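Below: one structure, written as structure tokens.
No experiment lies behind these values; they were computed from the predicted model shown.
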Amino acid sequence: MDRLAFYTRFAARRLLQTPGFTFIAVVALGLGIGAVTTQCAVIDAIFLRNLPFSEPEEIMHVQREQPGEEFFVDEVPIGEFLFWQRNQESFDQLAGYYIGTANLSLAGKVRRYDGAFISANIFEILREEALHGRALRSDDDLPDHPQVAVLSHSAWKRDFGGDPSLVGKEAVLNGRAVTIAGIMPEGFSFPLAEDLWIPLLQERPKRQHSPGESVVSLEVLGRLADPDQREAAAAELTALAQDWQRLHEPEATPHKVVVQPFLDEFIGTGTLPMTLVMLFITLLLLLIGCANVANLLLARSVRRQKEVAIRSALGATRRSILGLFLAESLLLAALGTVFGIYLAFSNVAAINASRDAMELPVWLSFTIDSRILLLTIAVTLLTGILSGLFPAWRASRLPESEILKDDNPTLTSLYIGRFSRALVIFQVAIAAVALSLVVLFIRSVEDGVNLEYNYDVDRVYSARIGLFEGMYPTARERDRFTDELLAALRSRPEIAEAATSNRYQFLWGMEALYSLPEENSPLPAGRRSAKFQQVSRGFLSTMGLPLLSGRAFNEKDHAAPLPEVALVNEAFAEATWPGVSPLGKRFRPELGPDYPGLPDDHDLTVIGTVPHMNEAGLFPADEDMPAFLLPRTPGASPRFQTLLARSHGEPEALLPILREEVRRLDGNLPLYETGTPREIIARASSQFRFFISIFKGFGAIAAFLAAVGIYGVITFSVHQRIMEYGIRQAIGATRLTIFRHVYRHAFSQTFLGLFAAILILSPLTLFPGLRETLDIFFYGVEGSAFMPYLLSFVFVFSITLLAALPPAIRAARIHPASALRYE
């Protein structure tokens with residue numbers, strides 16, 4: 001212990017004597033350690049921790065699979081779910097749910113919440129109790145049971161001041177009278193970040209349980225009676241699913257049932273590859289930091305070789321010299337770890353602050369606990385040993401007799417040798433690889449979220465509204481409300497035009513199948529797929545969407561009992577009638593329950609074409625997806641509508657007007673998803689932009705570390721060769737020659753590093769399967785595209801130019817007389 005304390009005190013004194021060196025080394029290691037620690041916290045939260053419920057390994061997610069079915073839906077229709085629930089034996093209980101809008105009028109306040117419509121036994125499956133009142137019980141699903149709802153702790157505190165008397169109060173939920181049965185504990189939410197839970201079977205009418213009606217589909221979960229019998233449970237439910245099909249859907253493609261841990265439902269297929277690549281990049285950053293510190297320590301060991309030789313001559317053992325140098329590197333790593341942990345806590349706090357933007361489940365918490373801190377300590381020891389081992393070993397093997405006889409400092413540069421140059425090549429290669437991945441990811445995400453707008457995204461204000469069956473049981477009543485609201489909005493002087501659409505967030509429209517009458521082929525053999533939206537009068541002028549050919553909808557089109565005409569976008573026209581004008585052409589949509597009353601054999605006539613409106617959404621498989629517009633006709637008003645208003649002035653000023661007019665017609669209807677189209681699309685893409693900022697940080701760290709490494713090594717090389725440069729100038733070399741000599745030294749290592757990076761990155765361009773695994777990095781980027789790599793390499797080369805400039809100038813300005821006197 002005494003020896004260890006001596007080594008530590010000695011290392012601390014040496015580091016205090018060189019504050020510049022200490023600062024650079026600590027920052028280099030801290031950046032790498034902080035990035036790795038942050039990524040470990042992310043991996044721990046997503047992959048290693050389970051659900052925060054009792055015995056979470058028993059909770060399973062259940063879904064249907066239909067191999068080879070193009071229009072595959074993995075959720076379970078409510079009627080089939082109820083059949084499973086009655087007949088299965090593998091689960092203690094089986095439950096279903098779906099997520100939707102919940103309009104709650106309570107205690108004089110009207111709020112819109114993200115709600116979960118759940119089988120009332122879900123709380124029993126999760127084994128969760130209410131903080132106040134009670135949670136839902138199985139009997140809450142009975143038809144004649146009083147209608148109830150349960151509120152989250154966050155909504156209770158935020159919107160109602162934590163009033164405990166709220167339990168038992170009457171409220172209006174989606175147009176129906178309910179009683180608030182309970183308040184859940186703080187931090188509880190399920191399945192994502194919902195604030196309200198409503199019994200499923202009270203919300204869905206009995207007629208919606210049967211095939212052929214407007215059937216709701218459910219996510220299904222259950223708690224296994226025997227956790228080791230997952231495959232048997234899947235087999236049992238598969239048999240029940242096939243029994244249901246024989247009874248109700250005899251012509252449907254047989255499907256099987258898959259049972260998997262419930263947590264897997266929230267980990268998308270691209271999450272693991274992206275997380276691993278991010279971990280890989282952070283490890284690269286740590287390796288660059290280690291290489292920097294190793295090079296700096298190696299340079300210090302050369303400068304201190306006379307000190308080492310004297311210590312050796314006075315009796316110091318090789319082991320003690322090795323200990324002195326390793327203590328210095330370990331102390332640097334420890335200081336870097338303190339800085340890195342500070343950065344990691346800051347990063348985790350930033351991630352948690354961005355939870356809403358990333359739409360993360362409430363129960364998915366990012367923390368740095370004792371396990372991660374222990375891992376960080378292990379990383380500290382490893383980085384300290386890796387960065388200091390070779391310099392310490394090199395210093396302990398210096399031939400003291402030769403060094404004590406040698407007074408020529410230029411010869412000491414020989415001891416840097418190949419290892420130091422190899423470290424520079426190594427970190428240039430790693431920096432180029434890391435920057436290439438960063439550029440690929442940033443370009444891919446920006447290609448996926450930077451959409452082309454063909455309509456006015458800044459002068460239109462929109463808001464979403466839900467007209468539920470409780471208050472608006474028929475389409476005629478929804479028609480009346482919508483017509484009165486539009487008339488009121490158009491009469492306001494602040495509003496130039498107003499309209500409605502059933503499209504959500506200007507990104508994801510409803511999808512329909514269609515065929516052509518002349519094909520005379522029944523669905524599904526001749527069917528195609530397209531997006532569609534139902535729009536009111538004035539939609540084109542409100543949105544600023546130009547008409548490319550033909551005419552817009554008129555009053556007659558909107559007054560028809562059924563829609564007879566449609567507007568199609570260019571992609572629809574080109575895909576369906578390539579090279580021919582679509583005007584006057586007919587197609588047959590299969591809209592089903594999305595457009596009640598429309599027969600399956602009803603044809604629509606194309607009367608005009610419009611540009612696309614980003615129908616494919618973010619990361620589109622096709623840049624311009626086929627889509628068509630339908631006129632809103634009597635009796636077809638949807639329950640969920642998007643209000644659109646064009647302003648004469650600032651669009652934000654329209655929000656209070658929209659709220660005022662809606663409240664005048666119905667005080668129980670809140671507005672949500674408000675904003676201009678640009679703002680709404682920006683919110684929808686905010687999680688991807690958050691990852692862009694993370695990867696930009698990775699790129700900045702890699703660039704900084706590469707610059708520090710190149711600058712440090714070249715500066716030390718110049719310092720060691722001062723006498724050589726003086727002699728060169730004394731015998732006729734110009735300053736420009738010396739300048740070029742330094743840059744040749746820097747460029748030779750940089751080019752070798754970039755060549756090594758090409759070898760490392762070559763599998764990404766040579767193997768398409770690897771690109772598909774990392775598709776989030778390569779969205780919109782062809783395998784043969786070289787521009788992202790070229791940009792990264794040019795950037796690294798530019799870093800070399802900048803990092804080598806100060807030492808090159810210093811070398812060129814050395815005066816021969818000063819150099820010859822230098823020791």
Side-chain angles (χ1 to χ4, degrees), residues 453-457 459-467 475 478-487 489-490 495-512 514 530-573 582 587 589 591 594-598 602 604-615 617 625-646 658 673 676-677 680:
Y453 303 111
N454 295 306
Y455 56 95
D456 195 336
V457 294
R459 298 298 301 276
V460 177
Y461 202 83
S462 74
R464 192 76 169 162
I465 192 169
L467 304 176
R478 295 192 294 274
D479 282 349
R480 178 188 55 78
F481 174 87
T482 305
D483 291 340
E484 290 182 10
L485 177 60
L486 288 176
L489 293 176
R490 289 167 182 155
I495 296 178
E497 183 58 277
T500 63
S501 167
N502 64 340
R503 187 177 179 186
Y504 177 66
Q505 280 195 339
F506 300 96
L507 287 174
W508 297 279
M510 306 184 77
E511 193 158 351
Y514 72 95
K531 296 286 186 180
F532 81 95
Q533 58 180 313
Q534 179 198 70
V535 301
S536 71
R537 177 176 64 83
F539 175 78
L540 296 187
S541 58
T542 302
M543 294 301 298
L545 185 69
L547 188 68
L548 300 179
S549 65
R551 68 171 179 86
F553 297 133
N554 56 30
E555 293 289 349
K556 181 181 177 182
D557 299 326
H558 287 288
L562 292 174
E564 301 291 342
V565 296
L567 297 173
V568 301
N569 70 357
E570 294 172 288
F572 188 104
F587 68 97
L591 303 179
D594 296 324
Y595 214 105
L598 191 70
H602 186 77
L604 299 175
T605 302
V606 178
I607 61 169
T609 58
V610 294
H612 75 83
M613 294 182 66
N614 307 319
E615 282 84 2
M625 186 171 183
F628 61 93
L629 304 180
L630 291 175
R632 182 174 71 83
T633 54
S637 289
R639 275 194 286 271
F640 292 96
Q641 302 182 31
T642 298
L643 304 180
L644 305 163
R646 174 177 284 275
L658 293 177
E673 295 290 354
T676 64
I680 291 172

All ring pair (Phe, Tyr, Trp, His ring centres under 6.0 Å) counterparts of Phe481, not counting sequence neighbours | Tyr472

Determine the minimum heavy-atom distance between Ala627 and Glu615, stating which atoms define it.
-> CB-CG, 3.2 Å

Report the distance from atom OG1 of Thr609 to atom CG of Asn569, rounding to the nearest 0.5 Å.
-> 9.0 Å

Applying ring pair (Phe, Tyr, Trp, His ring centres under 6.0 Å) to Tyr461 and not counting sequence neighbours gives none

Would you give the length of the straight line joining atom OG of Ser637 to atom CD of Gln534, rounded to the nearest 0.5 angstrom?
-> 6.5 Å

Can you check side chain to side chain contact (heavy atoms under 4.5 Å, CB included) on Leu486 and Ser536, steps first, answer last?
-> CA-CA 9 Å; Leu486 288 176; Ser536 71; 3.9 Å; yes

Contacts of Phe628 that satisfy ring pair (Phe, Tyr, Trp, His ring centres under 6.0 Å) - sequence neighbours left out = Phe532, Phe572, Phe587

Across all chains, not counting sequence neighbours, the side-chain contact (heavy atoms from CB on, under 4.5 Å) partners of Ala645 are Ile495, Leu654, Leu658

I would like to know whether His612 and Met625 meet side chain to side chain contact (heavy atoms under 4.5 Å, CB included); could you show each step before the answer?
-> CA-CA 7 Å; His612 75 83; Met625 186 171 183; over 6 Å; no

Quick one: pull up CD in Gln641 and OG1 in Thr500 and give me the separation to the nearest 0.5 Å.
-> 5.0 Å

For residues 539-547, which side-chain donor-acceptor pairs fall under 3.5 Å, sequence neighbours excluded?
from   : atom 1 : to     : atom 2 : distance (Å)
Ser541 : OG     : Gly538 : O      : 3.1
Thr542 : OG1    : Gly538 : O      : 2.7

Of all the heavy-atom pairs spanning Gly466 and Phe640, show the shortest one and how long it is.
-> CA-CD2, 3.8 Å

Spatial distance of atom CD1 (Ile607) from atom CG (Asn554) [nearest 0.5 Å] = 7.0 Å

Gap separating the CG atom of Leu630 from the CD atom of Gln533, nearest 0.5 angstrom | 9.5 Å

Apply salt bridge (Lys or Arg N to Asp or Glu O under 4.0 Å) to Arg459 and list each qualifying residue two or more places apart in sequence or on a separate chain.
-> none

Where is the tightest heavy-atom contact between His558 and Pro634, given as atom of each residue plus distance?
-> O-CD, 3.2 Å

Distance-minimising heavy-atom pair for Thr633 and Ala560 | CB-O, 3.3 Å

Note: Asp479-Arg632 ion pair, threshold 4.0 Å (strictly below) = yes

Please round to the nearest 0.5 Å and tell me the distance separating atom CG of Asn614 and atom CZ of Arg503.
-> 6.5 Å

Under 4.5 Å between any side-chain heavy atoms of Thr676 and Val457, yes or no?
-> no

Using the side chain to side chain contact (heavy atoms under 4.5 Å, CB included) rule, take Ser462 and Ile680 through it: C-alpha gap first, then chi angles, then the decisive distance, then the call.
-> CA-CA 9 Å; Ser462 74; Ile680 291 172; 3.0 Å; yes

With the side chain counted from C-beta on, respond yes when Met510 and Lys531 share a heavy-atom pair under 4.5 Å apart, and no when they do not.
-> no

Determine the minimum heavy-atom distance between Pro563 and His602, stating which atoms define it.
-> O-NE2, 2.7 Å

Considering only heavy atoms from C-beta outward, does the side chain of Val535 approach that of Phe553 to under 4.5 Å?
-> yes

Non-hydrogen atoms of Arg464 and Thr642 that approach each other most closely = NH1-OG1, 2.8 Å

